[in-house]
Undergrad: 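What follows is a single structure, and I will ask about it in a moment.
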Amino acid sequence: MRILSGIQPSGKLHIGNYFGMMKPMIENMDKGELYAFVVNFHAMTSVSDAKDLQQGTLEAAADFLALGLDPDRCIFWVQSDVPEVTELMWILSSLTPMGLLERCHSYKDKTAKGIAASHGLFSYPVLMAADILLFQAEVVPVGKDQKQHLEVARDIAIKFNNSFGETFVLPEPQISKDLATVPGVDGQKMSKSYGNTIGIFLEEKQLKKSVMAIVTDAAAVEAVKDPDACNLYNIFKLFAPAERTAEIRDLYENGGAAYGYIKLELVDILWEYFRKARERRAELMANPGYLHEVLAAGALKAREKAAVTLDLVRERVGLKY
Ligand code: ADP
Ligand code: TRP
C-alpha cells in the first residue's frame, strides 16, 4: 500500500496538524510504502516572504523528523525538489473543469479570510492532485478539511483514465473518526488562519498563554457541566492518560471541575507529552546540514518514482513524439 501526505510550511505546527496528519503518518510508517513531504509550492499561495518560506520549510521538515518520522523507512522530501509535479499539474489542469475548482470550499474560505485570490490559490487542488497521482498514492491521511481536495484528485484521476486509458490509482482519504477536527481554543476548528491554535513546539510561557486562552463558560466550580460540550475537556482528553480523563469527566458530571486548575494541568501534560520531540527538534534545527542531506536523499528517491508515472503520462497524452 502506498500512503502519502504533505504539510505546508506556512506556520507553526499545532495540535490539530499533529492529530489530523502527522501522527497518522508516523503510525503508518510500517503499514506500507510511506511518502511524506513538505509542500512549499502550495505554501507560496499564502507566504510571500522568501525568508519565511525558507525557514518554514526547514522547520516543517524538522517537525516531521522530531515527532518520529524515520527517513530510512519512508521517502521524505520537499515538494519543489521534485519539479516533475509541476509538469503533471499542467497536464492535469488541461482536463480539470473550472466548475470542479469553483466548488472548492477551501478557496472560498481562504479568500474570505483575506488571502489574495491568486490563480495559484484557485488551482491549489490541481497541484495537490498532481502530488498524489504522481506517486500513485492509495491512501492519504489528512484532517477532514482536506476531504474535498481528495475528491477533486479522484475526479481528475477518473477523467484522465477515461480519456487516456487506465493510468492512475484512485486515492482514498484516511480521516480519523474521533480526531477529524481538533477544536481550537475558541471551539472552532483549530487553524493557523483562525489564530486559535495551541502550538506543539512553543516556549513554555507561550504554551501556558495559549492554554489559558481556551474559552470556557462561566459556570461555577461546583456546577454540573457537560464535558463533551466543553472545549477544554475535549482538548484535555486528547493528551491525558485515560484514568485521569475519567476522573476529570467525573468532576464535570458531579461538580468540582475548576477550569483554571484543569488548564494548568493541561500545560504540564502538553509540556511532557512533547518533551522528547522538542529536544530532538532543537538538535535538528541546530544541524541544518543534516536536514539538507536527508531531504536531498529523499528527493532523489522521489524523483525516481515520479519519473515512472510521468513517463507513462507523457506517452498517454501524446507528448512523446
Ligand atoms: P491550518 O488549517 O492550520 O492551516 P493545514 O491546512 O496546514 O492547517 O493542515 C495540515 C494538515 O493538518 C491537514 O491534513 C489538515 O487536514 C490537518 N489539520 C489542520 N487543522 C486540523 C484540525 N483542527 N483538526 C484535525 N486536522 C487538522
Ligand atoms: N492541502 C494540504 C493542506 O493544506 C497539503 C497538501 C498538499 C497535501 N499536497 C498534498 C496533503 C497531498 C496530502 C496530499 O494541509
Side-chain angles (χ1 to χ4, degrees), residues 2-26 28 34-47 56-57 59-60 63-64 67 75 77-80 82 85-86 88-89 92 101 104-107 109-110 113-115 120-121 123-154 156-157 171-200 231 234-235 238 302 306:
R2 281 179 303 276
I3 307 158
L4 169 147
S5 195
I7 187 147
Q8 293 193 67
S10 55
K12 304 280 175 212
L13 192 74
H14 58 71
I15 61 177
N17 302 142
Y18 177 66
F19 284 109
M21 162 318 182
M22 286 246 173
K23 190 164 180 270
M25 279 295 276
I26 289 159
N28 270 321
L34 196 80
Y35 295 77
F37 57 124
V38 179
V39 295
N40 58 344
F41 279 145
H42 278 104
M44 292 184 78
T45 58
S46 62
V47 181
T57 302
E59 286 187 12
D63 290 345
F64 245 132
L67 287 163
I75 302 184
W77 74 101
V78 173
Q79 189 182 33
S80 62
V82 182
V85 74
T86 53
L88 181 60
M89 183 203 176
L92 299 179
L101 302 180
C104 286
H105 312 302
S106 168
Y107 175 75
D109 293 350
K110 286 178 178 173
K113 269 183 252 142
I115 296 182
L121 191 66
S123 54
Y124 182 112
V126 188
L127 179 57
M128 180 160 163
D131 280 337
I132 296 169
L133 303 180
L134 187 59
F135 297 96
Q136 303 282 14
E138 290 154 292
V139 175
V140 183
V142 280
K144 200 168 138 205
D145 59 328
Q146 296 297 316
K147 188 164 181 261
Q148 192 182 33
H149 286 159
L150 259 296
E151 283 159 11
V152 170
R154 281 177 71 94
I156 295 176
E172 292 281 350
Q174 184 189 74
I175 300 172
S176 145
K177 263 198 218 97
D178 331 328
L179 300 165
T181 307
V182 175
V185 298
D186 57 357
Q188 288 192 78
K189 172 195 130 84
M190 182 173 288
S191 171
K192 278 165 270 184
S193 36
Y194 297 150
N196 63 357
T197 63
I198 298 178
I200 293 180
N231 200 22
N234 285 327
I235 297 176
L238 296 175

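Sequential numbering from 1 along the given sequence is applied to the chain's residues. Every number for a ligand or one of its atoms is a count from 1 in the order of the listing. Since we're looking at a predicted model, the values are computed, not measured. Note that these values count all heavy atoms, side chains included, but never hydrogens, waters or copies made by symmetry.
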Undergrad: Distance to 0.1 Å, residue and atom name: give those for the protein heavy atom nearest to atom 5 (C) of ligand 2.
TA: G6 O, 3.7 Å

Undergrad: Once you restrict to heavy atoms under 4.0 Å, what part of I132 touches ligand 2? Side chain, backbone, both or neither.
TA: side chain

Undergrad: Looking only at distance, does S191 have an N or O less than 3.5 Å from an N or O of ligand 1?
TA: yes

Undergrad: Do V142 and ligand 1 have an N or O pair less than 3.5 Å apart?
TA: no

Undergrad: Which bit of V140 gets closer than 4.0 Å to ligand 2, counting heavy atoms only: side chain, backbone, both or neither?
TA: side chain

Undergrad: Of the non-hydrogen atoms in M25 and S5, which two are nearest, and what is the gap between them?
TA: CE-N, 3.4 Å

Undergrad: Considering only protein heavy atoms, which is closest to atom 9 (N) of ligand 2, and at what distance to one decimal place?
TA: D131 OD2, 2.7 Å

Undergrad: Is the closest heavy atom of H14 to ligand 1 under 4.0 Å?
TA: yes

Undergrad: Going by the atom numbers of ligand 2, which of them fall below 4.0 Å from some non-hydrogen atom of Y124?
TA: 1 (N), 2 (C), 3 (C), 4 (O), 5 (C)

Undergrad: Do other residues, nucleotides or ligands put more than 12 heavy atoms under 6.0 Å from K147 NZ?
TA: no

Undergrad: To the nearest 0.5 Å, tell me how far F135 CZ sits from R2 CZ.
TA: 11.0 Å

Undergrad: Where do V139 and Q174 come nearest, in terms of heavy atoms and distance?
TA: CG1-CB, 3.7 Å

Undergrad: Within this structure, what is the CE-CG distance for the pair M190 and D145, rounded to the nearest 0.5 Å?
TA: 13.0 Å

Undergrad: Quick one: look up the protein heavy atom nearest atom 14 (O) of ligand 1 and list residue, atom name and how far away it is.
TA: G143 N, 3.3 Å

Undergrad: Does an N or O anywhere in P141 fall below 3.5 Å from an N or O of ligand 1?
TA: no

Undergrad: At under 4.0 Å between heavy atoms, which part of M190 makes contact with ligand 1: side chain, backbone, both or neither?
TA: both

Undergrad: Compare Q8, Q146, M25 and give the one whose heavy atom is closest to atom 2 (C) of ligand 2.
TA: Q146

